[in-house]
Structure formats: C-alpha cells, structure tokens
Novice: 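Please see the structure below; I have some questions.
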2 protein chains.
Amino acid sequence: MTGMTAPDTSFSPAGSPRPGLRERKKIKTREAIRTATYALVEEQGYEATTIEQIAERAEVSPSTVFRYFPTKEDIVLTDEYDPLIMEELRARPADEPWPDSLRHVIRRAISLGMKDSHAVSRLRTRLMVEVPSVRSRMMESMSETGRMLCQAIGERTGRDPGSLEVRVYAMSIVGGLMETSMYWAEQDHAPDFEALVDRALDVIEHGLPQENH
Amino acid sequence: MTGMTAPDTSFSPAGSPRPGLRERKKIKTREAIRTATYALVEEQGYEATTIEQIAERAEVSPSTVFRYFPTKEDIVLTDEYDPLIMEELRARPADEPWPDSLRHVIRRAISLGMKDSHAVSRLRTRLMVEVPSVRSRMMESMSETGRMLCQAIGERTGRDPGSLEVRVYAMSIVGGLMETSMYWAEQDHAPDFEALVDRALDVIEHGLPQENH
DNA sequence: TATATTTTGACAGCTACTCTCATTTCATGG
DNA sequence: CCATGAAATGAGAGTAGCTGTCAAAATATA
C-alpha cells in the first residue's frame, strides 16, 4: 500500500532456501519497532510518543527506526496488501461482472487486514480519525491503492488505465471506502465492518438510494 | 476549505463601516506572505524554500508567518470557497434535480477559483502533483469540503448528513474531483478543466461508460 | 495626550527527519 | 576455522518546521 518492500511472513515455500540470519533479524527488528510503537501510543497517545522512546523500547537506535520506516506515521500505518489485492483480482473469473469481483476482493482484503489482530485494526482506524497527520498519510497510501485499482480495471476491461474516466472511478471508490473506515471508527467499531462496506459499494454503484428518511 | 477565517475581500457592503487600519494591514501582510511564497517556490521549488526566506522577502518575522498560516502547505493551498459553495447550493431552485445543482455549483466554484489568476491555479495543482506534503494537505482540506457537502445534501434531500450513505456519496465525489485536478495538472493544464469535470461527474453519476476501447 | 488592546519580533525549545562515518555483525571462500 | 567483503547498526551533528513566551511597537479609544 505504501510501496515498501513487503516482508515475507509466510512460512517458507518448499524449494526456496530459508532466509538467512540477516533477513530474520531484519524482520524481527521491524516487528519490534512496530510493537513498541503500538504499546507506547496506547499508553501515552500518538503525539506524545517520540521516536527516541520508540527506539529505546525496541532496543535499537533512533537512526535504525528511520532506516526501517520513512516517517512516524508509516510505523503505524504500513501494510502491504496492495499486491495481494491485485493477485486476487486477477484470479477472479473473467466473465464475472466487475462490481462483483470488486466486492469479493475487497471483502477478502478486509478479512486479511483484520487478521493482524483486532486491536491493531482498531487502533489504526482510531488514529486515522483522531490524528490529522496519520489521516493524511493514510490518504496518501490510498491514492497509491487507487493507482493500482486503475491498473486492475484496465486489465479487466481493456480500458486505458490512465484515462480520466478510469482514474475518477477508482478514486471515488477509494474515497468512499476511506470514509467508511472513518465512519466505523467513529462508531467505536460497533457495526459490522463488512456490512458497512457493502452499503458503501451500493452507494458508489447505484448512487444514493431513494429518500426514505 | 481549511476552516480558517476568510478575509473579506469583497468591497465593503453599504452601511458597514469600512475596515480599520488594523484589518487592512492584516490583509496586506497575508497577501505579502503568499506572494513571496509563490515567487520563491517558482524560483527554487517548494522544499528548498524555507520559512525564513519567505519571512525575509515578505518583510515580516518568521513568527508572523506562522501566526498567519498554521503550516507551510497552507500558505500555498488555503482558499475559502467552501462557504461560497454552500451559499450557491442553497440558492439553487429546490425542484432542480440534485446532480444538476451539483454541476452548476461546482462549475461556478471553478470559475471563481480560476479568477485568482491562472498562474496561481496552475502552480497549485502542479505542486499538488509534485509535492507529497502539499497533496496530503490538499486531501485534508477536501475531506473538510466533504463534510460540508454532506451538510448540503442533508438540507437538500432531508437525509441525515451523518449517515454512512451520504458521507460515502460525498467523499466519492470529492475524491473524483481531486483526481480530476491531478489529471489536469499532469496534462500540463492543456485540456479544458470544465470539460474534464463534466466527464468526471458523469462517471460518478452513471459509472464507467460502456467499453469502447 | 494617556491608556488599553492588538500585533509583532526576538528568542528559546522541541521533535521529526537527514547525512556522514566509524563500528559491529553476518556471509562467503579458502 | 579464519580472512575478506558486504551489510546493518549506532553515534553524532545538523536542518527545518512548528510552538511557546514575553517584551516592544503599532493602533484604537477616551
């Protein structure tokens, strides 16, 4: 989602030599930094948490923190689902109507994202609502997701992925889903997220339903 | 658009005492800072331009710059059209179909925004494409515009402005228009912007047109 | 002209972030 | 098992955005 190199967390596939000590250490460090950050943010809030504190708790130097994550927001937000989404999208049957494919894939992405641990998903979306800089960073990464969506739409429909129409369509989806996440967080994560996403996609596909206020 | 107090640039309406010396100086300072910023950014680029340089050229102290604009990005981006948009929207006839009202108002907002001077509009959108932090800030302010749109939709359709459906609808419009601006900037501002916006609104209203690649 | 209020400037301070360079840690070939 | 090369790390200095405080200057009011 942010263009960073995705660490391979899956158990090593047969045939490929298992990663060396260096790779394993890298992954461990990365996770240590993230874990430390989550804990500190829960304890003291986002702004009050400094890179130095994170470094100290993760038992690395501040420079190392920046070597792993370009910005503080990225420590909280980074995920690497975009390639997965692309893959899933390509795997859908070619004759399936586009909106259906989209629905399936997004639903799958959500269940993957939730797997991270419910607590983390909730913290993320809460920070998204509360901390402007985090929200900004999130929007940045969503616009990258938008680009990827354009690509997928292009492959699927034979359209030019760079055309205004495709780009607008993709960004309106991304914007709508982002708002859905924020809505969910504002409701204290009480509603069922997948149901919200379904309603959001309905709106994007068919416009506002007839007024029944 | 950014929640800042909008300076009253309109000629003083009859009956209201003309602004005192203080108000006039404030406006002058504000414009001096902006003008200095635009010039410096054109000369050296955005990142290379520091607040100190801006302050020096505008002949104020750095602290004053921050007193007028909360962040560096705001100096470039701030505009105050949201209240205008709301007003225009309320002025449309109540029986006009919603999409038509939207189209009219957006078109009007554009022509107002362009009036600023074509050069400034172009610089803004260019920075939006090139400088991530500016793009982020822009997205922030667009999400505020989204909130306002929700309000307007609520007033117009009698719907709850805080409902998921309305919010998703508003944000998908805002996202689509944002992408349209970026597209325009990427094409070196060659296409007619209003035509692009029309195409974008078509996509949002009716989905992607039938494939005619 | 005297007084109250607002605006400004100077300064100090914090923190995210960058860059450089020496040191340590791991991989590899003999 | 050891020597060589490469990669990761740590330490430190430096930049710049941004916040706060407080005294001085400019402006309004009486």
Side-chain angles (χ1 to χ4, degrees), chain A residues 2 4-5 7 17-34 36-37 40-41 44-78 127 131-137 140, chain B residues 2 4-5 7 16-33 36-37 40-41 44-78 127 131-137 140:
Chain A
T2 57
M4 318 192 63
T5 56
R18 73 196 58 73
L21 182 54
R22 271 203 170 125
E23 291 298 312
R24 274 176 285 157
K25 266 213 157 178
K26 264 210 225 174
I27 296 178
K28 258 181 71 177
T29 309
R30 202 181 170 81
E31 280 179 9
I33 294 173
R34 252 213 273 253
T37 307
L40 284 167
V41 168
Q44 336 171 329
Y46 179 82
E47 323 257 8
T49 301
T50 75
I51 301 282
E52 275 192 46
Q53 292 174 330
I54 294 172
E56 194 184 347
R57 185 168 297 203
E59 297 187 299
V60 292
S61 76
S63 3
T64 301
V65 175
F66 284 113
R67 214 170 273 120
Y68 278 82
F69 299 93
T71 75
K72 191 176 158 189
E73 294 87 38
D74 280 297
I75 309 179
V76 179
L77 286 179
T78 310
L127 290 177
V131 184
S133 67
V134 173
R135 182 168 52 239
S136 284
R137 187 65 193 81
E140 268 298 291
Chain B
T2 57
M4 318 192 63
T5 57
S16 92
R18 73 196 57 73
L21 183 53
R22 263 188 182 141
E23 291 297 314
R24 274 176 285 156
K25 266 214 157 178
K26 263 209 226 175
I27 296 178
K28 259 182 69 177
T29 308
R30 201 181 171 80
E31 279 179 9
I33 294 173
T37 306
L40 284 167
V41 168
Q44 335 170 330
Y46 179 82
E47 322 257 8
T49 301
T50 76
I51 302 281
E52 275 191 46
Q53 293 175 330
I54 295 172
E56 194 184 348
R57 185 169 297 203
E59 298 188 299
V60 292
S61 77
S63 6
T64 303
V65 175
F66 284 114
R67 211 169 276 120
Y68 278 81
F69 299 92
T71 75
K72 192 176 159 190
E73 293 88 40
D74 281 296
I75 308 178
V76 179
L77 285 179
T78 310
L127 289 176
V131 183
S133 68
V134 173
R135 182 168 51 238
S136 283
R137 187 68 193 81
E140 268 298 292

Novice: Just the rounded figure in Å: distance from P of D:dA16 to CD1 of B:Ile51.
Specialist: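 Rounding to the nearest Å, CD1 of B:Ile51 and P of D:dA16 are 11 Å apart.
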Novice: Looking at every strand, decide which applies to A:Thr49 at a 4.0 Å heavy-atom threshold: base, sugar-phosphate, or nothing.
Specialist: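 Result for A:Thr49 = sugar-phosphate.
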Novice: If every non-hydrogen atom of A:Arg34 is compared with every non-hydrogen atom of A:Asp74, which pair is closest and at what distance?
Specialist: NH1-O, 4.4 Å
Novice: Scan B:Ser63 against the nucleic acid and name what it touches under 4.0 Å (heavy atoms): base, sugar-phosphate only, or nothing.
Specialist: base
Novice: Taking the side chain of A:Tyr68 as its heavy atoms from C-beta onward, which of C:dT15, D:dT9, D:dC18 lies nearest to it?
Specialist: D:dT9
Novice: CZ/B:Arg137 to CD1/B:Ile75 distance, rounded to the nearest 0.5 angstrom?
Specialist: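 Taking CZ in B:Arg137 and CD1 in B:Ile75, the distance rounds to 12.0 Å.
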Novice: On DNA chain D, nearest-nucleotide positions of B:Thr71 versus B:Arg67: which is more 5'?
Specialist: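 Looking at the nearest nucleotide for each, B:Thr71 comes out on the 5' side.
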Novice: Does a distance-only test, which skips hydrogens and angles, find a donor-acceptor pair under 3.5 Å between the side chain of B:Ser61 and the base of C:dA10?
Specialist: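 No, no donor-acceptor pair under 3.5 Å.
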Novice: Would you kindly compare B:Thr29 and A:Pro62 by the position of their nearest DNA chain C nucleotide and give the one closer to the 5′ end?
Specialist: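 Of the two residues, B:Thr29 wins.
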Novice: Measure the distance from CD1 on A:Ile27 to P on D:dA7 and round it to the nearest whole Å.
Specialist: 18 Å
Novice: Is there a side-chain polar atom (N or O) of B:Lys72 under 4.0 Å from OP1 or OP2 of D:dA16?
Specialist: no
Novice: With a 4.0 Å cutoff (strictly under), does any side-chain N or O of A:Lys25 reach OP1 or OP2 of C:dT25?
Specialist: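 Checking C:dT25 against A:Lys25, no side-chain N or O comes under 4.0 Å of OP1 or OP2.
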Novice: Please give, in whole Å, the distance from D:dG10 P to A:Glu56 CD?
Specialist: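 That distance rounds to 13 Å.
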Novice: OP1 or OP2 of C:dA10 sitting under 4.0 Å from any side-chain N/O of B:Thr64?
Specialist: no
Novice: With a cut-off of 6.0 Å (strictly less than), are more than 12 heavy atoms of other residues, nucleotides or ligands near CD of A:Gln44?
Specialist: yes
Novice: Expressed in angstrom and rounded to an integer, what is the separation of A:Phe69 atom CZ from C:dT18 atom C1'?
Specialist: 18 Å
Novice: As a quick check of understanding, evaluate side chain to side chain contact (heavy atoms under 4.5 Å, CB included) for A:Arg67 and A:Thr64, giving each step before the final call.
Specialist: CA-CA 5 Å; A:Arg67 214 170 273 120; A:Thr64 301; 3.9 Å; yes
Novice: Out of D:dG17, D:dA8, D:dG10, which nucleotide sits closest to the side chain of A:Val60?
Specialist: D:dG10
Novice: Rounded to whole Å, please give me the gap between NZ in A:Lys28 and P in D:dA8.
Specialist: 17 Å
Novice: Once you round it to whole Å, what is the distance between C1' of C:dG9 and CZ of B:Phe66?
Specialist: 14 Å
Novice: May I have the distance from A:Glu47 (atom CD) to D:dG17 (atom P), rounded to whole angstrom?
Specialist: 18 Å
Novice: Using only heavy-atom distances, determine whether the side chains of A:Glu73 and A:Thr71 contain a donor-acceptor pair under 3.5 Å.
Specialist: yes
Novice: In this structure, how many angstroms lie between the C1' atom of C:dT5 and the CD atom of B:Glu23, rounded?
Specialist: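 It works out to 14 Å between those atoms.
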Novice: Return the nearest nucleotide to the side chain of B:Thr50; candidates are C:dT7, C:dA16, D:dA16.
Specialist: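 Nearest nucleotide to the side chain: D:dA16.
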